[in-house]
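Take this structure, written in structure tokens, and hold onto it; I'll ask about it next.
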Amino acid sequence: MNSRTFFLACLLAVSVCTIASAQPATTFAGEYKNEQVQLKIQVSNGEYTGTIVVQGNTLPFTARESGGGLAVKFRHKENEFAFAIQREGNVVVLTTDGATYRLARVESKGAVNPLASKEQGLIGSWRTPQGVMQFNADGTGSANGSPFRYQVEGSTVSMNSADGFVKLNFRVDGNAMTLIGPAGQVNLSRVTESASGGGKSQPDLAGKWCYVSNVYATGGGARASNSCFTLNADGRYEYYGETDSYGPNGGATSQSSDRGTWTASENSITARSASGRVTTYTLERKNHPKNNDPMLLLDGKAFVTFYQKAPWR
């Protein structure tokens, strides 16, 4: 299990972590698609089945867990085909014959907001000695930067990510929260305005910061992603990200953007999006090990200065 995503659950002892690894059912189940492929995955008693729609053909398949993902087989006429599935948050990555396809999760139109009542008090950023956990109003969240989805039923919260599933009891009392599992509990404190920089921006953080990643597959496919954010000295920020993926049978591009205001302390930065979402990240200032360019590490992810800037001292 990815310790960044479920560090809280694992603090509650091995019995809680065992729950996460023993319940893979919600990890892959759902509907996913892009312009070329549509995928539906069901699970019952640990057995995965589903359908894949390609070029108008709807083909049933069976699957088994393999290497943290799914190994899938299906037949078309007299031929048998295989592909692999991995999860990246709300995206599944389908690989077959050297081609890679990224499929976004299709949310149910009748889905109910997992937090039907604001009295739950769960929404916001929460800190433990291990890092920061964020619960957003739309049912998404993150733990030290690793995304998950969650649902609330009464005093129980269920968290589901690409790495597993865990169900815990919780109790909120003002700016304090307790997560409770079979073997113990974890105490969290809400990240308030004063804890996230006292409403002040840090002038030395102002500038444009970027993350770039390029991955090439042996079969000829590739995926390139880059994301940049600009921190303005007046407390405003802008973000833009783009991911391109392609293989022998085509490619796809996804884009995202955001803007809002920011504040920071020495070890955290809080973004208040114009959409209403508030996210707090752990912050480290480090220099690049090769060229000494200054970097900002947000929840451990390195963003390097886009413009020339003096190294941190």
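The analysis underlying the following values was restricted to heavy atoms, covering all of them including side chains, and did not include hydrogens, waters or symmetry mates.
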Inset, instruction - Any chance you could lay out the side chain to side chain contact (heavy atoms under 4.5 Å, CB included) test for Ile52 and Leu94, step after step, and finish with the verdict? - result: CA-CA 11 Å; Ile52 181 171; Leu94 186 156; 4.0 Å; yes
Inset, instruction - Would you sort out whether Leu205 and Leu283 count as a side chain to side chain contact (heavy atoms under 4.5 Å, CB included), showing the intermediate values? - result: CA-CA 11 Å; Leu205 301 181; Leu283 169 66; 3.9 Å; yes
Legend entry - Contact summary for Pro294 and Pro311, nearest pair of heavy atoms: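 Result for this residue pair: CD-CA, 4.2 Å.
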Legend entry - Gap between atom CD of Gln42 and atom CD of Glu31 - 0.5 Å precision: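 Between atom CD of Glu31 and atom CD of Gln42 there are 9.5 Å.
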Inset, instruction - Please round to the nearest 0.5 Å and tell me the distance separating atom OG1 of Thr243 and atom CG of Asn226. - result: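 Here the rounded value is 7.5 Å.
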Legend entry - Which atom of Ala271 lies closest to which atom of Tyr237, heavy atoms considered: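 Closest approach of Ala271 to Tyr237: CB-CE2, 3.8 Å.
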Inset, instruction - Starting at OG of Ser158, measure out to OH of Tyr150 and round the result to the nearest 0.5 Å. - result: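 Atom-to-atom, Ser158:OG and Tyr150:OH are 12.0 Å apart.
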Inset, instruction - Determine, stepwise, if the pair Val157 / Phe135 fulfils side chain to side chain contact (heavy atoms under 4.5 Å, CB included). - result: CA-CA 11 Å; Val157 57; Phe135 291 93; 4.2 Å; yes
Legend entry - Cluster overlap Met177 with Val278, hydrophobic side-chain contacts below 4.5 Å: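 Met177 does not cluster with Val278.
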Legend entry - Val304 side chain near Asn291 side chain, heavy-atom distance below 4.5 Å: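 Not touching, per the 4.5 Å side-chain cut-off.
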Legend entry - Interatomic spacing from CG in Asn187 to CZ in Arg171 - rounded to 0.5 Å: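 Result: 8.5 Å between the selected atoms.
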Inset, instruction - Just do the side chain to side chain contact (heavy atoms under 4.5 Å, CB included) check on Arg64 and Leu70 with the steps written out, would you? - result: CA-CA 5 Å; Arg64 60 179 177 82; Leu70 294 181; over 6 Å; no
Legend entry - Donor-acceptor pair, side chain of Asn169 and main chain of Thr156, under 3.5 angstrom: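 The answer is no, because no donor-acceptor pair under 3.5 Å joins these two groups.
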Legend entry - Set of residues satisfying ring pair (Phe, Tyr, Trp, His ring centres under 6.0 Å) with respect to Phe74, sequence neighbours excluded: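 For Phe74 the ring pair (Phe, Tyr, Trp, His ring centres under 6.0 Å) partners, ignoring immediate neighbours, are Phe81, Phe83.
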Inset, instruction - Not counting sequence neighbours, which residues clear salt bridge (Lys or Arg N to Asp or Glu O under 4.0 Å) with Asp204? List them please. - result: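 Here the qualifying residues are Arg285.
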Inset, instruction - Examine the side chains of Asp293 and Thr305 and answer whether a donor and an acceptor come within less than 3.5 Å of each other. - result: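 The answer is no; no qualifying pair exists.
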Inset, instruction - Flag yes if Val152 and Leu188 sit in one hydrophobic cluster, no otherwise; membership is Ile, Leu, Val, Met, Phe, Trp, Tyr, and two members link when side-chain heavy atoms are under 4.5 Å apart. - result: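 Yes, one cluster joins them.
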Legend entry - Considering all heavy atoms, the nearest Ala206-Lys309 contact: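 Residues Ala206 and Lys309, closest heavy atoms: O-NZ, 3.1 Å.
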Inset, instruction - Any chance you could measure Leu168, atom CG, to Met159, atom CE, to the nearest 0.5 Å? - result: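 Going from the CG atom of Leu168 to the CE atom of Met159 covers 4.5 Å.
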Legend entry - Residues forming a salt bridge (Lys or Arg N to Asp or Glu O under 4.0 Å) with Glu238, sequence neighbours excluded: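 Checked Glu238 against salt bridge (Lys or Arg N to Asp or Glu O under 4.0 Å); matches are Arg259.
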Inset, instruction - Classify the angle between the aromatic ring planes of Trp209 and Trp312 as parallel (below 30°), tilted (30 to 60°) or perpendicular (above 60°). - result: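 It falls in the parallel class, under 30°.
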Inset, instruction - Could you pull out the closest heavy-atom pair between Arg102 and Asn34, with the gap in Å? - result: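 For Arg102 versus Asn34, the nearest heavy atoms are O-ND2, 3.3 Å.
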Legend entry - Test item: Thr51 side-chain N/O and Pro60 main-chain N/O as donor-acceptor pair under 3.5 Å: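 No, the answer is negative, given that no donor and acceptor are paired below the 3.5 Å cut-off.
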Inset, instruction - Would you check if Ile41 and Phe61 make a side-chain contact, meaning some heavy-atom pair closer than 4.5 Å? - result: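 Yes. Closest side-chain heavy atoms under 4.5 Å.
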Inset, instruction - Measure across Trp262 and Ala264 and return the closest heavy-atom pair with its distance rounded to 0.1 Å. - result: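 Smallest heavy-atom distance, with atoms named: CZ3-CB, 3.9 Å.
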Inset, instruction - State whether a side-chain donor-acceptor pair under 3.5 Å links Tyr240 with Gln255. - result: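 Yes.
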Inset, instruction - Report yes or no: do Leu231 and Met295 belong to one cluster of Ile/Leu/Val/Met/Phe/Trp/Tyr joined by side chain heavy-atom distances under 4.5 Å? - result: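 Looking at the clustering, Met295 is in a separate group from Leu231.
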Inset, instruction - Establish whether Leu103 and Leu59 are linked, either directly or via other cluster members, by ILVMFWY side-chain heavy-atom contacts under 4.5 Å. - result: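 Same cluster: Leu103 reaches Leu59 through Ile, Leu, Val, Met, Phe, Trp or Tyr contacts under 4.5 Å.
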Legend entry - Spacing of OG1 belonging to Thr58 relative to NZ belonging to Lys40, to within rounding of 0.5 Å: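 That separation rounds to 8.5 Å.
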Inset, instruction - State which residue, out of Tyr281, Tyr211, Phe303, fulfils the ring pair (Phe, Tyr, Trp, His ring centres under 6.0 Å) condition with Phe229. - result: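 Single ring pair (Phe, Tyr, Trp, His ring centres under 6.0 Å) partner of Phe229 among Tyr281, Tyr211, Phe303: Phe303.
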